[in-house]
There are 2 protein chains.
Amino acid sequence: MSAVEKAFHGLRHMIGTGRLGPGERIPPEGELCEELGVSRGSLREAVRMLAALGVIEPRHGSGTYVSQLRPEDVIGSLSLTLELLPLSGLLEVYEIRRVLEAHVAAQAAARCTPENIRTLFSLIDAMEATSDPAEASELDHRFHAEIARVGGNPTLATLLAVFRARSRKYQVFTLPEGPELRRKSDDDHRVLATAIADHDPVAAAGAAQAHVAQTERWLRAFMPPVEEVERVEAPGSAD
Amino acid sequence: MSAVEKAFHGLRHMIGTGRLGPGERIPPEGELCEELGVSRGSLREAVRMLAALGVIEPRHGSGTYVSQLRPEDVIGSLSLTLELLPLSGLLEVYEIRRVLEAHVAAQAAARCTPENIRTLFSLIDAMEATSDPAEASELDHRFHAEIARVGGNPTLATLLAVFRARSRKYQVFTLPEGPELRRKSDDDHRVLATAIADHDPVAAAGAAQAHVAQTERWLRAFMPPVEEVERVEAPGSAD
DNA sequence: GCCCAGAAGTCATCTGATGACTTTCACGGT
DNA sequence: ACCGTGAAAGTCATCAGATGACTTCTGGGC
């Protein structure tokens, strides 16, 4: 096992076994190097790995702390990488998103309060009022995030936020067809919010699913034609 | 921006803009250090971060290569950290799993071939025949993985495999009640496989959902009582 | 009691050197 | 001409030391 792996697994084991609990400060680099038997450089690489994964958090001058280890903490790490995926691989993500958005919409329909509903409709109003695509995209995000929040599962809300962020990169509303797409999108939002306000989980799930499917169709239709060339596996001769 | 962040975002940008494509070898450390304006140590920390996230893959002596950037590649990185979550935070993950397992079961019911069905039932037979809890757990995993594979979405299959791996850590079958739980679990599997064989998506979804919910109940009932103390937010005096 | 300066602790970064592993390629044998 | 062998180059892996930056604690002065 390499030095970095040794440090990585050693640290992970300390956290997994409870020797280092959520929020706790881990020993300084010097001590860990001695205990794990690696140099500071290797230890620091392992620390950076765990930090990228949302497990620990170094603070300059203070120390390195274990995160709260909530599911959101580790799932949030996906946001750093999901936007690197090529569009072709994204359709599978959309299928997942469709299923989960439908679920949170149904949950929201069952749990929502009058105040939640007011918030949703005020977001829709603001969305329809603005002409700035960037602001519309931001409000769209907040609308769906609010539904996910009302759904009652922060982990699921985080996961969906990550998926949505990936889609937003494409800025579909800035296309020539943007205004028409936005009108259709606004209609979808009203249908969805109404179903939630009616406490109708089935209608809400259906509306959410249809909305995501619609977005997916737009992306496929208007985005640069996905390169259909098969992936070149090897940069060399036959690697 | 710190040196490591500069290197991290620089590398991520190169991949995101297509300057470095899937499978391609990235420039050697020396060149990247000069281009990004950081030292080798900082660059290496950034490389390790991206490697932990499944985006690149260093190969000792050969070079560092961009991964294929399939959704599975980046989602698989969760398997390194999901097992660190405390049980209390896991219930939210179970809700997600329940929804997604139901979906893949329905998809599998719609798509399965006779050979798929034979595979599923042979796995069930093997599961019922063994008395080794570890082997039973392994076969259980393969059974569900096969359903997810037939479901046709590799990304979703990977995500569910990650979630399941987390549950397997608890080894519920090694408890005193293990044999009885396994009998019930085997029954669930037969119901699920039969629904899939009948090409009945609704029944398959229901069976999958019920099976996951059952597993969740077992964990809650038999696992060490979750510490209900509220999380200490601050690492200071009351840490 | 409050504020501020200094000291201590800790992470961040750079530099240089050495080792380990892979790939390439020239060489010689067949 | 083909093939295996071994040397050499290229690349990542690891260690050690030194310095800087930032945070936190501590004690003195007011």
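To find a chain, count down the sequence lines: A is the first, B the second, and so on, and within it residues start at 1.
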Discussion item. Using whole Å, what does the distance between atom P of nucleotide C/dC11 and atom CZ of A/R48 come to?
Written reply: 12 Å

Response to the item:
B/L36 CG to C/dC14 P, in whole Å, measures 11 Å

Fill in: A/E45 CD - C/dC11 P separation (whole Å)
16 Å

Worksheet item: Quick one: A/R44 CZ to D/dA18 P, roughly how many Å, whole number?
Response: 18 Å

Worksheet item: Any side-chain N or O of B/S62 less than 4.0 Å from the OP1 or OP2 oxygen of D/dC12?
Response: no

Fill in: Nucleotide D/dT11, atom C1' - distance to CD of B/E29 in whole Å
8 Å

Worksheet item: Just checking, any donor-acceptor pair under 3.5 angstrom between side chains of A/S67 and A/E57?
Response: no

Worksheet entry | Donor-acceptor contact present, side-chain A/T130 to main-chain A/M127, <3.5 Å | no

Worksheet item: What's the shortest heavy-atom distance between B/L78 and A/V74, and which atoms?
Response: CD2-O, 3.6 Å

Discussion item. Between A/E95 and B/N153, do the side chains contain a donor N or O and an acceptor N or O under 3.5 Å apart?
Written reply: yes

Item to complete: Between A/V4 and A/R40, just flag the one whose closest nucleotide in DNA chain D comes earlier from the 5' side.
Response: A/V4

Practice prompt. Please tell me which of the listed nucleotides, C/dC11, C/dC14, C/dC21, lies nearest to the side chain of B/H60?
Written response: C/dC21

Worksheet item: Between B/S42 and C/dA12, does any side-chain N or O lie under 4.0 Å from OP1 or OP2?
Response: no

Worksheet entry | Heavy-atom check, side chain of A/R166 versus side chain of A/L85, under 4.5 Å | yes

Worksheet entry | N or O in side chain of B/S2 less than 4.0 angstrom from C/dT13 OP1/OP2 | yes

Practice prompt. Would you mind reading off the distance between B/R59 atom CZ and D/dT11 atom P, rounded to a whole angstrom?
Written response: 15 Å

Worksheet item: What's the CD-P distance between A/E57 and C/dA12, to the nearest Å?
Response: 11 Å

Discussion item. Once you apply a heavy-atom cut-off of 4.0 Å, does B/G63 come out as touching a base, just sugar-phosphate, or nothing?
Written reply: sugar-phosphate

Discussion item. Does C/dC14 have its OP1 or OP2 closer than 4.0 Å to a side-chain nitrogen or oxygen of B/S39?
Written reply: yes

Fill in: Separation of C/dG9 P from A/E31 CD (nearest whole Å)
12 Å

